[in-house]
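Scroll down for the structure; my scribbles are underneath it.
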Amino acid sequence: MSAYVISGGRRLEGCVSVHGAKNSVLPILAATILSGGVSVIHNCPNLSDVAASIAILEHLGCHVRREGETVTVDSAGLDRCDIPEKLMREMRSSVIFLGPILARTGQARVSMPGGCELGPRPVDLHLAALRRLGAEIREAGGNLHCSAPRGLRAAEINLSIPSVGATENVMLAACGARGTTVINNAAREPEIWDLQQFLNACGARVRGAGSSVIAVEGGIPLHAAEHRVIADRICAATYLSAAALAGGEVTVEGVPRAQLAPVTDLFTAAGCRLREEPHRVTLTSDGRLRRVPPVRTAPYPGFPTDAQPPVMAALTRAAGSSVFVETIFENRYRHTQELARMGADIRVEGRVAVVTGVPALHGAGLEAADLRGGAALVVAALGAEGESEITGIHHIRRGYDGLPRNLAALGANIAEV
Ligand code: UD1
């Protein structure tokens with residue numbers, strides 16, 4: 001069993017170049033099957049979720065090669081339309097393959113992705129939208145059997161929630177649907193825009209990503225393309241959180257400052273000094289933060305739910321009480337119990353968490369229960385007195401490439417054992 005061992009209390013100094021965005025690379029890898037050609041994707045981080053996507057592509061019959069940060073996918077040989085349950089279980093976002101498999105082969109068979117660490121995560125919006133595009137979907141014994149016997153056809157899709165995954169699944173399926181599909185109340189995350197860039201590089205006609213209305217002209221034969229994935233704004237937020245709590249001066253490079261605004265505004269309110277350049281943000285902190293106005297997670301451009309756990313960890317020592325309201329996921333406070341073991345004072349009631357700053361955190365034995373919750377424990381351990389050992393780091397590896405190496409380069413005392 002691997003663990004991170006962290007001795008807290010060291011200032012962090014230096015610059016981190018943020019790796020490619022997990023939430024971009026996953027749908028883009030799924031999109032490579034649409035063309036049947038050889039696509040080259042740069043800036044692919046080395047994450048277990050990326051490995052899971054590659055395993056799915058290989059199972060489907062694609063040839064995949066990774067050289068450093070570049071993944072090449074040859075989808076000419078795709079000869080299957082199913083994803084085995086084991087691969088679906090490994091990564092809930094495997095459901096993103098449903099749309100492109102259906103568009104490419106006219107059918108798809110996957111197991112129903114169940115709940116996850118963050119609580120129940122239904123895919124009803126994905127399925128309803130694909131049905132609107134002409135897919136027949138049968139749910140039996142925990143499996144989804146999908147087919148489009150007469151081919152997919154364009155439709156107007158009104159999402160009741162701006163779901164990131166559902167927006168992407170529809171964009172991908174709609175590329176293979178005759179006519180122009182319009183998605184209303186689409187998610188506006190930067191990763192959706194990145195997917196649009198890749199699809200258009202393949203010859204698709206997608207417009208509107210970044211706004212609430214996306215239009216996809218479908219039925220155009222696609223070709224392979226070369227693409228560079230955008231940088232991971234949640235990783236950037238994690239490094240800024242670490243610097244805010246541990247103290248020091250850290251620059252994160254690669255993420256446009258507008259994407260980080262909800263997080264940088266919060267740390268400014270907490271008393272940190274922020275220097276923002278177009279693609280670089282530098283945070284200076286003396287480690288003595290103050291309470292912030294209520295933080296309410298929301299779809300982009302609101303405060304990202306994925307940044308909530310590490311940012312909360314950073315505020316555990318802030319003077320006064322800060323309130324968090326988690327509006328996206330039901331079960332996103334599991335890190336709070338572990339933070340309490342370090343001496344943090346956090347009261348959770350339903351979707352609300354009240355963090356009252358304590359003078360100091362102390363090291364403890366901790367277990368990561370999910371990806372971003374695990375990152376929160378790393379942040380807290382960096383700002384704690386004494387040693388912490390964090391297990392369950394396979395969760396953290398789903399979304400952070402080289403986290404111990406990067407933190408050590410900033411001066412942290414962290415080892416993987
Ligand atoms: C994506 C991100 C995840 C992030 C989340 C919200 C990826 C790979 N993952 O997840 O890191 O935390 O966006 O920003 O990009 N919902 C339904 N029915 C559906 C689909 C979603 O009720 O069919 C609900 C979910 O349970 C959740 C909310 O909608 O409460 C938002 O989920 P969604 O935006 O779909 O998140 P994901 O795409 O799964």
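Computed from a predicted structure; not experimentally measured. In each ligand, atom 1 is the first atom listed, and ligand 1 is the first ligand listed.
The N/O atoms of Asn23, backbone and side chain alike, include one that comes under 3.5 Å of an N/O atom in ligand 1. Close N/O approach between Leu125 and ligand 1 is found [any backbone or side-chain N/O within under 3.5 Å]. Geometrically, ligand 1 and Ile328 share a nitrogen or oxygen pair separated by less than 3.5 Å. Between Pro122 and ligand 1, an N or O atom pair is found at a separation short of 3.5 Å. Considering both main-chain and side-chain atoms, Gly165 comes within under 3.5 Å of ligand 1 through a nitrogen or oxygen pair. Geometrically, ligand 1 and Val164 share a nitrogen or oxygen pair separated by less than 3.5 Å. Residue contacts with ligand 1: Ser93 is placed with no nitrogen or oxygen under 3.5 Å of a nitrogen or oxygen of the ligand (distance criterion only). Looking at Asp306 next to ligand 1, an N or O pair under 3.5 Å apart turns up.
For ligand 1, the atoms closer than 4.0 angstrom to any heavy atom of Arg332 are 12 (O). Close contacts between ligand 1 and Arg92 involve ligand atoms 39 (O) [criterion: under 4.0 Å to a heavy atom]. Residue contact check: Thr305 has heavy atoms under 4.0 Å from atoms 6 (C), 12 (O), 14 (O) of ligand 1.
The side-chain heavy atoms of Glu276 and Leu260, taken from C-beta on, include no pair separated by under 4.5 Å.
Residue-environment remark: CZ (Arg351) exceeds the threshold of 12 foreign heavy atoms within 6.0 Å.
With sequence neighbours excluded, the residues that form a side chain to side chain contact (heavy atoms under 4.5 Å, CB included) with Ser93 are Leu26, Met91.
Proximity of Arg398 to ligand 1 is not established, as no heavy-atom distance is less than 4.0 Å. Within the 4.0 Å heavy-atom shell around ligand 1 one does not find Glu191. Distances from ligand 1 to the non-hydrogen atoms of Ala187 include no value under 4.0 Å.
Residue pairs meeting the ring pair (Phe, Tyr, Trp, His ring centres under 6.0 Å) criterion with at least one member in residues 210-232, sequence neighbours excluded: Phe198-His227.
With hydrogens and angles left out, the side-chain atoms of Glu249 and Thr284 include a donor and acceptor closer than 3.5 Å.
For Tyr300, no heavy-atom contact with ligand 1 is shorter than 4.0 Å. Under 4.0 angstrom from ligand 1, there are no non-hydrogen atoms of Arg372.
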